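A short worksheet on the structure shown next.
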Amino acid sequence: MLKQARDRAEPWDMIIVGGGATGAGVAVDAATRGYATLLLEQADFGKGTSSRATKLVHGGVRYLEQGNVSLVMEALKERGLLRQNAPHLVSELPLIVPSYSWWEGPFYGIGLKLYQVLSGKYGFGASQLLSKDETLKRLPSVNPEGLTGGVVYYDGQFDDTRLLINLVTTAAEQGATLLNYARVTKLNKGPDGILDGLSWQDLETGETYEARSRVVVNATGAFSDSVRHLAEPDAAKMIAPSQGAHIVLDRSFLPGTNAILVPHTKDGRVMFALPWHDHTLVGTTDTPIEKVTLEPVAFDQEIEFILETAGLYLAKRPTKADILSVFAGIRPLVKMGEGKNTAALSRDHTVHIDPSGLLTIAGGKWTTYRNMAQDAVNQAATLGDLPEKDCVTKTLNIHGFHTNAEKFGSLAFYGSDAPAIRQMIDEDATLGRQLDAELPYVEAEVVWAAREEVARTVEDILARRTRALFLNARAALRMAPRVAAILARELGKDEKWAADQIEKFGQTASGYLIGSME
Ligand SMILES: Cc1cc2nc3c(=O)[nH]c(=O)nc-3n(C[C@H](O)[C@H](O)[C@H](O)COP(=O)(O)OP(=O)(O)OC[C@H]3O[C@@H](n4cnc5c(N)ncnc54)[C@H](O)[C@@H]3O)c2cc1C
């Protein structure tokens with residue numbers, strides 16, 4: 001990939017800046033249309049917001065309440081397409097809205113029926129009113145005091161970075177060149193003032209390269225304005241960043257297979273408690289922020305707010321000491337004029353073209369990445385005067401596609417790759433060793449990530465190829481030395497490199513430990 005990126009003399013059809021959900025989706029779309037495509041990501045694929053979602057493939061019940069029916073319909077359709085194209089990663093999740101007064105059941109029941117109807121032929125399970133007993137049976141850990149019943153409805157659940165790495169692989173299989181640790185440092189203009197390429201730096205060697213392109217797509221999410229400013233320093237900002245935090249607890253807080261949706265928190269938002277990878281994931285918040293960073297840290301008040309809200313709905317009230325991991329992400333909300341309330345900003349996506357010809361695709365959500373990519377590539381093809389080609393991603397299987405992946409047990413999320421990992425273990429039993437007693441990950445997954453999924457650092461493996469850091473930060477720290485040793489062997493690095501990796505990972509992991517350090 002590096003060689004292809006460095007050696008290409010002729011211009012690319014499309015260079016994509018940013019390797020999150022949006023950029024990877026654009027790369028898959030562009031490559032499948034036959035365009036010569038290069039994607040450059042400054043850190044690891046998914047290091048930005050795309051590893052930090054609530055893990056729902058959803059239409060967004062909240063937007064329905066706000067009357068944004070077309071946004072919900074589009075997302076519900078994409079939800080169905082994603083389950084169709086990546087069944088190894090998307091599963092159906094029953095969510096229950098517990099009710100604590102007589103009117104809540106019928107009230108939410110009607111709204112959630114509409115949600116179901118809007119999904120049409122892409123529907124998931126049917127929503128239904130539950131009695132108090134049925135609610136308690138499905139949610140044994142829900143606060144029983146004053147409970148009158150509930151409403152169950154269905155959405156999708158996924159693993160965001162597993163999907164992302166599968167999209168990166170899909171794009172590569174379709175002929176795209178994709179690099180992580182390659183930062184775009186400059187946007188270059190031709191004599192007419194229109195972009196004709198860019199400069200990028202290989203962050204592993206420090207070398208800088210130039211690449212020419214017919215069109216440049218800015219898919220940098222919350223960083224969109226900083227990349228736009230490389231071409232036009234005075235361009236008015238289009239992103240209003242907003243932070244959302246999650247906490248992870250052990251499974252005992254939410255046993256079973258059902259999730260909880262809290263329809264109205266104190267600040268008028270929705271909040272979720274979900275079973276995820278045998279843990280309990282609770283979030284999220286919505287806090288406007290000024291500064292966008294790659295490793296945002298949850299604010300104390302966000303953690304307090306999540307704990308307080310969860311405590312109202314769970315029989316066992318979680319405390320800071322129960323938090324196994326806490327992570328924050330930044331929503332790249334698109335501004336629709338002035339206003340301070342980020343919850344009222346556009347959740348829709350926007351394709352914006354600057355006078356320099358830089359095309360920015362931002363906003364939307366993970367669920368709608370495919371549709372966002374389709375819109376962006378349609379426009380980019382016109383802008384770059386590329387041969388017209390139809391989008392084919394609606395029916396494109398994503399790498400790993402498998403309709404019965406559960407049979408692979410703890411390797412299910414690898415889909416059709418799972419047998420190859422199993423075979424590695426069959427050939428060398430030491431690779432079947434678990435890396436930590438509290439998480440299911442084995443040594444073979446480290447080797448696989450290094451050889452097949454372009455993992456370059458300990459963090460890549462513990463945060464995004466596996467989800468150890470997001471599930472249990474202390475366990476991830478315990479795993480780091482062994483992961484560093486295996487990765488050093490795979491990448492041909494020395495002991496000093498491994499020690500440095502362990503230290504760097506320790507620094508990153510400290511941001512996920514806030515709760516449990518108190
Ligand atoms: C708390 C939270 C919960 C969410 N939950 C859900 C959910 O449950 N379901 C759902 O559908 N959506 C959810 N979303 C929304 C979804 O996660 C985002 O819309 C999506 O991940 C945005 O992806 P992106 O690719 O646009 O941005 P990012 O993932 O941030 O990717 C942008 C990338 O650009 C790179 N970059 C920046 N500058 C440069 C440069 N100069 N050179 C090269 N690369 C660069 C960054 O390193 C980054 O990796 C959630 C969002 C948040 C914040």
Side-chain angles (χ1 to χ4, degrees), residues 15-27 38-60 62 75 78-79 82 90 93 155-161 163-164 167 178-187 198-201 203 216-230 239 241-246 259 269-272 274 276 281 283-287 289 292-296 298 302 306 327-334 342 347-350 360-370 372-373 376 464:
I15 300 184
I16 301 148
V17 192
T22 310
V26 174
L38 172 66
L39 180 147
L40 301 166
E41 161 58 48
Q42 66 174 350
D44 184 30
F45 301 116
K47 168 75 180 178
T49 307
S50 297
S51 53
R52 301 156 191 276
T54 311
K55 328 301 177 195
L56 287 171
V57 183
H58 64 160
R62 182 154 67 101
E78 292 301 321
R79 180 187 75 166
L82 194 49
V90 179
L93 176 71
D155 249 326
Q157 187 177 36
F158 76 133
D159 183 315
D160 45 15
T161 56
L163 177 58
L164 184 65
L167 286 173
L178 306 98
L179 296 180
N180 49 2
Y181 298 100
R183 176 183 291 149
V184 171
T185 51
K186 232 171 120 223
L187 295 177
L198 48 74
S199 307
W200 61 276
Q201 188 179 24
L203 295 187
V216 179
V217 174
N218 174 16
T220 54
F223 297 88
S224 297
D225 287 326
S226 58
V227 171
R228 290 174 61 230
H229 289 164
L230 292 177
I239 300 292
S242 160
Q243 176 161 309
H246 295 89
R269 296 178 33 80
V270 299
M271 196 178 276
F272 298 96
L274 318 162
W276 187 62
L281 174 65
T284 175
T285 49
D286 205 336
T287 317
I289 52 166
V292 175
T293 58
L294 260 185
E295 196 53 78
E302 291 184 288
I306 297 173
F327 61 92
I330 305 176
R331 292 183 189 81
L333 300 178
V334 179
T342 50
R347 306 273 158 173
D348 228 331
H349 69 265
T350 297
T360 299
I361 166 81
K365 49 187 177 170
W366 235 121
T367 307
T368 56
Y369 84 92
R370 192 210 62 80
M372 292 168 69
R464 291 171 293 275

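Remember, it's 1-based here, ligands and their atoms both numbered in the order they're listed. It should be emphasised that the depicted structure is a prediction, and the values quoted were computed from it without experimental measurement.
Protein heavy atom in closest approach to atom 27 (O) of ligand 1: Gly221 CA, 3.6 Å. Among protein heavy atoms, the minimum distance from atom 22 (C) of ligand 1 is reached at Ser50 OG, 3.9 Å. In this structure, atom 42 (N) of ligand 1 lies nearest to the protein heavy atom Val184 N, 3.0 Å. Nearest protein heavy-atom neighbour of atom 7 (C) of ligand 1: Leu56 O, 3.5 Å. Ranking the protein heavy atoms by distance from atom 37 (C) of ligand 1 puts Gln42 NE2, 3.3 Å first. Residue, atom and distance of the protein heavy atom nearest to atom 47 (O) of ligand 1 are Glu41 OE2, 2.7 Å. The protein atom (non-hydrogen) at minimum distance from atom 19 (O) of ligand 1 is Lys365 CA, 3.3 Å. Atom 53 (C) of ligand 1 has Arg331 CG, 3.3 Å as its closest protein atom, hydrogens excluded (heavy atom only).
Atoms of ligand 1 found under 4.0 Å from any heavy atom of Val17 (numbered from 1 in listed order, with element): 40 (C), 42 (N), 43 (C). Taking a cut-off of under 4.0 Å to the non-hydrogen atoms of Thr367, the atoms of ligand 1 that pass are 10 (C), 11 (O). Close contacts of ligand 1 with Arg52, meaning ligand atoms under 4.0 Å from a residue heavy atom, involve 1 (C), 2 (C), 3 (C). Remark: ligand 1 atoms within the under-4.0 Å shell around heavy atoms of Thr284 are 1 (C). In the vicinity of Gly244, heavy-atom distances shorter than 4.0 Å reach the ligand 1 atoms 1 (C). Atoms of ligand 1 found under 4.0 Å from any heavy atom of Gly329 (numbered from 1 in listed order, with element): 53 (C). The distance from ligand 1 to the heavy atoms of Ala219 drops below 4.0 Å at these ligand atoms: 32 (C). Numbered from 1 in the order shown, with element, the atoms of ligand 1 that lie under 4.0 Å from a heavy atom of Gly18 read 33 (C), 34 (O), 35 (C), 44 (N).
Scanning both residues, Ala53 and Trp366, for their nearest heavy atoms gives CB-CD1, 4.0 Å. Closest approach of Leu187 and Val227 over heavy atoms only: CD1-O, 3.5 Å.
Ligand 1 has a nitrogen or oxygen under 3.5 angstrom from a nitrogen or oxygen of Ala21. Residue Arg183 has no nitrogen or oxygen atom sitting less than 3.5 Å from a nitrogen or oxygen atom of ligand 1, judged on distance alone.
Look at Ala222 and you'll find every heavy atom at least 4.0 Å from all atoms of ligand 1. Residue-ligand proximity: His246 is placed with a non-hydrogen atom under 4.0 Å from ligand 1.
With a 4.0 Å heavy-atom cut-off, ligand 1 is reached by the side chain of Phe223 but not by its N, CA, C or O. In Ser226, neither the side chain nor the backbone holds a heavy atom less than 4.0 Å from any atom of ligand 1. Residue-level proximity to ligand 1 for Gln243 is absent, since no heavy atom of it falls below 4.0 angstrom. Residue Leu294 touches ligand 1 through its side chain alone, judged by heavy-atom distances below 4.0 Å.
Around atom 17 (O) of ligand 1, the closest heavy atom drawn from Phe158, Phe272, Trp366, Phe327 belongs to Trp366. Of all the listed residues (Thr54, Leu179, Leu39), Thr54 holds the heavy atom that lies closest to atom 5 (N) of ligand 1.
Salt bridge status for Lys55 with Asp159: absent, with no side-chain N to carboxylate O gap under 4.0 Å.
Ring orientation note: the planes of Phe272 and His58 are nearly perpendicular, at an angle over 60° on the 30°/60° scale.
Checked against Val57 for a side-chain contact (heavy atoms from CB on, under 4.5 Å), the options Thr367, Leu163, Asp160, Leu93 give a single hit: Thr367.
Atoms CZ and CG, from Arg269 and Asp286 in turn, are 4.5 Å apart once rounded to the nearest 0.5 Å.
Residues Val334 and Asp348 form no side-chain contact, since every pair of their non-hydrogen atoms from C-beta on lies 4.5 Å or further apart.
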